Amino acid sequence: MTKKIQRNEIMDKIMSLSKRRGFIFQSSEIYGGMNSCWDYGPLGVELKRNLKNTWWRDVITSRSNVVGMDAGILMHPKVWIASGHVENFHDPLVDCLDCKTRFREDKAPHKFKCTKCKLKFRVEGGKIITNKKFEEAFDDLNASEVGVYFNSDCPNCKTESSIVLDKIGCPNCGSPNLSAPKQFNLMFKTHYGPSEDSASEIYLRPETAQGIFVNFNNVANSMRGKLPFGIGQIGKAFRNEITTGNFIFRSREFEQMEMEFFIKDEENAKWYDYWINERFEWYKKIGIKEENLRLRKHENDELAHYARACTDVEYKFPFGWSELEGIADRRNYDLEQHIKESGKKLSVFDNDTDQHIVPSVIETSAGVDRTMLTILSDAYWEDQANNRVVLSLSPEIAPIKVAVFPLVNRDNMPEIAEKIYDDISKNMAAFYDKAGSIGRRYRRQDEAGTPFALTVDSQTLEDGTVTLRERDSLEQTRVAKDKVVAVLIEKIGK
RNA sequence: GCGGGUGUAGUUCAGUGGUAGAACACCAGCUUCCCAAGCUGGAUAUGAGGGUUCGAUUCCCUUCACCCGCUCCA
């Protein structure tokens with residue numbers, strides 16, 4: 001109980017800080033807001049850009065065998081037929097009319113019977129289970145649509161509307177009193193063309209990955225790709241989620257950082273392990289505390305049908321452990337699907353075997369916004385001893401690297417400080433502030449996550465050194481003002 | 001979408017069927033030689049729409065948003 005209250009408090013504090021300091025605002029706030037849509041403010045956008053740049057550098061440009069690309073959000077409708085999203089990207093949900101819980105219909109055990117003949121069967125996990133005597137009766141029925149059996153005709157004796165629910169059902173209260181299942185398609189539809197009636201209906205992409213797969217030949221040819229090689233991409237994706245929430249954790253418009261690493265199928269285990277490790281280490285590298293990170297391997301029953309294996313990087317959010325990134329062994333499912341649908345060859349020539357092969361793929365799929373929330377939650381702390389709120393962002397991703405202050409607004413200190421600020425801001429994101437007491441200005445920057453502050457004081461007038469103050473330790477050292485850029489660059493470590 | 005809770009300033013909260021208040025934050029000035037000090041002044045709010053009423057921020061209805069749960073995933 002107390003735990004729950006504490007959790008909410010931390011999320012509330014992060015949300016409030018995000019707004020106060022200009023990290024994240026609610027979308028369209030002056031019109032009452034948009035359900036789980038969020039905008040990034042001045043500090044948020046810098047943090048996000050730094051995050052994406054770090055990913056781009058560490059996954060793409062620092063590797064000789066990975067390249068980037070940027071596909072459009074709008075794609076040919078057939079892409080989503082091939083990928084399986086049109087057919088599979090929806091959830092049939094049922095409401096219990098008694099206890100009001102909603103659940104996926106195929107997750108609840110259903111038992112049906114015919115009121116005339118002796119037919120009884122149950123539907124569990126998308127499969128019809130019956131005794132052998134009645135097996136043939138079910139040839140034409142689709143086991144995944146449990147709802148169709150309510151009041152349906154008996155497939156055995158053909159009596160009309162004779163099938164009733166025998167036993168159910170609601171995984172929560174056990175009641176058989178359920179609503180008809182509703183289908184929720186999770187893809188955003190829109191019209192491609194200015195006139196709605198003549199325009200074709202297309203989708204906003206629900207993931208960035210397919211933009212990579214459909215460009216496989218283009219990229220492989222232009223970069224002369226030899227296995228193994230990867231293609232990465234950062235971009236927006238859209239899903240009409242049934243439930244959203246937890247601040248920016250799950251929203252309908254979100255940004256992904258995805259990389260498809262194409263390999264020979266027999267090397268799948270090696271590269272799968274390799275990327276799990278790489279990606280896990282990356283989160284530590286951007287400053288996330290190791291004790292708040294873990295890997296979770298998917299059980300066989302939660303794997304997508306095409307996936308051989310999947311492991312999530314999870315973070316311990318204030319609301320609990322949740323997924324940040326999935327590393328999946330997708331075999332060559334996606335390329336094969338596009339080969340089938342488009343009729344084009346999507347393969348590379350393997351010199352070892354003198355054959356064209358359709359490579360398998362290890363996918364790393366990370367959520368930008370989730371990582372943002374991770375960074376903010378992980379960096380947030382309250383320094384009781386010094387009565388301050390601090391975001392301990394790593395210098396590399398901090399929106400502002402250094403703040404420059406005159407200790408007091410006289411004796412030429414503001415002018416000297418402004419000059420230092422001008423020099424620094426040519427090299428990195430800096431911030432100049434002369435308003436209020438020095439302590440207040442330090443506090444403001446602590447909340448913004450600025451790792452360093454430089455203060456011009458009376459000693460500066462004498463010997464040309466300034467105070468360098470570190471955010472987390474509050475330690476102060478003196479640095480010659482013409483060396484600050486070099487010192488800072490070294491401390492930021494880029 | 002369903003159930004429960006909540007909407008008052010930038011934030012966190014008071015309060016009232018009759019002029020809406022505080023703290024912190026913010027802005028300007030003074031003061032100030034290193035960690036939210038002080039003084040003076042200032043700007044800013046009842047989520048939206050409708051109803052009842054002489055009068056609604058308060059009561060009622062609708063709607064929107066946020067939080068928690070169900071569920072799902074990046």
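None of the values given here were measured: they were computed from a predicted structure. Atoms considered below: every heavy atom in the structure, side chains included; atoms not considered: hydrogens, waters and symmetry mates.
Minimum atom distance to the side chain of Glu323(A) is reached by A74(B), of the listed C33(B), A36(B), A74(B). Between A74(B), C34(B), C66(B), one nucleotide has an atom nearer to the side chain of Gln256(A) than all others, and that is A74(B). Closest to the side chain of Leu407(A), from the set C26(B), C33(B), C35(B), is C33(B). When distances run from any side-chain atom of Arg250(A) to the nucleotides C72(B), C34(B), A36(B), the shortest one goes to C72(B). In the set G10(B), C33(B), C34(B), C33(B) carries the atom at the smallest distance from any side-chain atom of Val408(A). For Arg469(A), the listed nucleotide lying nearest its side chain is C35(B); candidates were C35(B), C68(B), C73(B). Checked against A36(B), C33(B), A74(B), the side chain of Arg440(A) finds its nearest nucleotide in A36(B). Between C67(B), A74(B), C33(B), one nucleotide has an atom nearer to the side chain of Met15(A) than all others, and that is C67(B). Nearest nucleotide to the Arg20(A) side chain, out of A74(B), C34(B), U11(B): U11(B).
At a threshold of 4.0 angstrom between heavy atoms, the contacts of Asp411(A) include nucleobase atoms, whether or not backbone atoms are also involved. Within the nucleic acid shown, Gln26(A) comes within 4.0 Å of sugar-phosphate atoms alone, with no base atom in reach, counting heavy atoms only.
The aromatic ring of Tyr31(A) is not stacked on the base of A48(B), since the criterion of ring centres less than 5.5 Å apart with planes inclined by under 30° is not met.
The partner of U57(B) is absent, by the rule that a Watson-Crick or G-U pair needs both atom distances under 3.5 Å. Searching all strands for a Watson-Crick or G-U wobble partner of A22(B) with both distances below 3.5 Å returns U12(B). When Watson-Crick and G-U wobble pairs are counted only if both distances are under 3.5 Å, G1(B) pairs with C70(B). Within the shown strands, C39(B) is the pairing partner of G29(B) under the Watson-Crick or G-U definition, both distances less than 3.5 Å.
Using cut-offs of 30° and 60° on the angle between ring planes, the pair Tyr306(A) and Tyr333(A) is parallel.
Nearest heavy atoms, Gln233(A) versus Thr208(A): NE2-O, 3.0 Å. Here the shortest heavy-atom pairing between Asp378(A) and Gly287(A) reads OD2-O, 3.6 Å.
Under the 4.0 Å criterion applied to side-chain N and carboxylate O atoms, Arg63(A) and Glu278(A) are assigned as salt-bridge partners.
With Glu325(A) as reference, Arg279(A) is the one residue of Gln256(A), Arg279(A), Arg370(A) to meet the side-chain hydrogen bond (donor to acceptor under 3.5 Å, both in side chains) rule.
Taking for each of Gly32(A) and Arg443(A) the nucleotide of RNA chain B with the nearest heavy atom, the 5'-most of the two is the partner of Arg443(A).
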